[in-house]
Amino acid sequence: MRQPQSPLAILVSGFGPFRNIPGTTHRMHVQVSCIQITWLVVNPSDRIAKLVHAHIADPLSKLHSAFVGGCAAHTVEVSSAGLDNFYKGVWRDAIASGRLACAVHIGVNAAATRVCFELVALNCVATYEGKVADADDAPELLPSTFSLGTGKMHAWMVANAEKACWSRDAGRYFCNEMYYRSLLSVQRMSMADAIHVIFVHVPLANVLQEDVCASVITSFLENAFL
């Protein structure tokens, strides 16, 4: 089984704007002949992904030493084309580098009250038109490639139960499809033991602040890798 070459790297992704997900609104003033005001809406998952990225990239953070191969953050368009572009570009290049050790995909669940770490992904495309893959090596469910059943991980979840939980339902939309495609990719390359993949659903910011969600995710990664 091929292992990622040292130094190890991590990829963190969030989604772009989505029609029914309230985002963080930024106001930008541009002076031309008069003042124009432009409103940009950012999906909370993308903001949280960038906060996690910033933490790992900080040389003073604990995780920086674990991922000296680099930390990349990417915004994924919420569409079938957006996912295809991600896997044809960012994902392919990360795999080809030989350094990828971890992929953390982040999305919003408007019904969530805690940060939900998804245990499994369902073989189902977001458009409800069939399966992600219809082959013998593409089972109905694929589990996270993190070692989530250890005593250490159980103890972490117990200690963080107020803000975090396990989930067995990643939905049937783009979040789940992305999770399944990443898991199937590493499985087909016989790298499930080498590349840790998980999907994390976060609540809306009025339920749990974005910096708190980012802190929970970085704490999870510290527990897994340090």
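One is the number of the first residue; the rest follow in order along the sequence.
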Heavy atoms, side chains only, cut-off 4.5 Å: are V76 and L83 in contact?
yes
Pairs involving residues 48-75, ordered by first then second residue, that meet salt bridge (charged side-chain N to carboxylate O under 4.0 Å, His left out) (sequence neighbours left out)
D46-K50
How long is the span from the CD1 atom in I195 to the CD1 atom in I10, to the nearest 0.5 Å?
12.0 Å
Using every non-hydrogen atom in the two residues, find where Q187 and P139 come nearest and quote the distance to one decimal.
NE2-CD, 4.1 Å
Looking only at heavy atoms, the pair that brings L183 and A121 closest together is CD1-CB, 4.0 Å
Residue list, side-chain contact (heavy atoms from CB on, under 4.5 Å) with T127, at least two apart or on another chain
S80, V125, E129
What pairs with A133 under side-chain contact (heavy atoms from CB on, under 4.5 Å), at least two apart in sequence or on another chain?
A138, L184, R188
Are the side chains of L122 and L141 in touch, meaning some heavy atoms are under 4.5 Å apart?
yes
Nearest heavy-atom neighbours spanning P203 and L208:
CG-CB, 4.0 Å
Can you see which heavy atom on A170 is nearest to which on C175, and at what distance?
O-CB, 4.2 Å
F146 with F199, same ILVMFWY side-chain cluster at under 4.5 Å:
yes
Heavy-atom closest pair, residues V78 and F18:
CG1-CD1, 3.5 Å
My understanding is that only residues two or more places apart in sequence, or in another chain, count here; which of them pass side chain to side chain donor-acceptor pair (under 3.5 Å) with N160?
none
Tell me whether L51 shares a hydrophobic cluster with L204, the cluster being built from Ile, Leu, Val, Met, Phe, Trp, Tyr side chains joined at under 4.5 Å.
no
Taking the side chain as everything from C-beta on, heavy atoms only, tell me whether S79 gets closer than 4.5 Å to F15.
no
Taking salt bridge (charged side-chain N to carboxylate O under 4.0 Å, His left out) as the cut-off, I'd like each qualifying pair that reaches into residues 102-121, sequence neighbours left out, listed once.
none
In Å and rounded to the nearest 0.5 Å, what is the SG to NZ distance from C124 to K131?
10.5 Å
For R172, all residues meeting salt bridge (charged side-chain N to carboxylate O under 4.0 Å, His left out), sequence neighbours excluded
none
Parallel, tilted or perpendicular: which one describes the rings of H74 and F86, with boundaries at 30° and 60°?
tilted
Any pair counted as salt bridge (charged side-chain N to carboxylate O under 4.0 Å, His left out), so long as it reaches residues 141-163, sequence neighbours left out:
none
Going by salt bridge (charged side-chain N to carboxylate O under 4.0 Å, His left out), name the residues that satisfy it together with D136, two or more places apart in sequence or in a different chain.
none
Would you say that M153 contacts W166 through its side chain, given a criterion of any heavy-atom pair below 4.5 Å between the two side chains?
yes
Any side chain to side chain donor-acceptor pair (under 3.5 Å) pairs touching residues 140-151, not counting sequence neighbours?
none
Show me the donor-acceptor pairs within less than 3.5 Å that the side chains of residues 213-226 make with the rest of the protein, sequence neighbours left out.
from, atom 1, to, atom 2, distance (Å)
T218, OG1, A214, O, 3.1
T218, OG1, S215, O, 2.9
S219, OG, W156, NE1, 2.9

Rounded to the nearest 0.5 Å, what's the gap from OG on S185 to CD1 on I95? Could you check?
5.0 Å
Tell me whether H64 at atom NE2 has more than 12 heavy atoms from other residues, nucleotides or ligands lying less than 6.0 Å away.
yes
Search all heavy atoms of R99 against all heavy atoms of G69 and return the closest pair with its distance.
NE-O, 3.7 Å
Residue set satisfying side-chain contact (heavy atoms from CB on, under 4.5 Å) with S182, at least two apart, ordered chain then number -> Y87, W91, H105, V197
With rounding to the nearest 0.5 angstrom, report the CD1 to CZ distance, I56 to F67.
6.0 Å
Check the pair V90 / L11 against side-chain contact (heavy atoms from CB on, under 4.5 Å), numbers first and verdict last.
CA-CA 9 Å; V90 174; L11 172 63; 4.0 Å; yes
Do S167 and H201 come close enough that some side-chain heavy atom pair is under 4.5 Å?
no
Output yes when a side-chain donor or acceptor of N123 lies under 3.5 Å from a complementary backbone atom of V132, and no otherwise.
yes
Any L148 side-chain heavy atom under 4.5 Å of I198 side chain:
yes
Scan residues 71-90 for pairs that pass salt bridge (charged side-chain N to carboxylate O under 4.0 Å, His left out), counting only residues two or more places apart or in two chains.
D84-R181
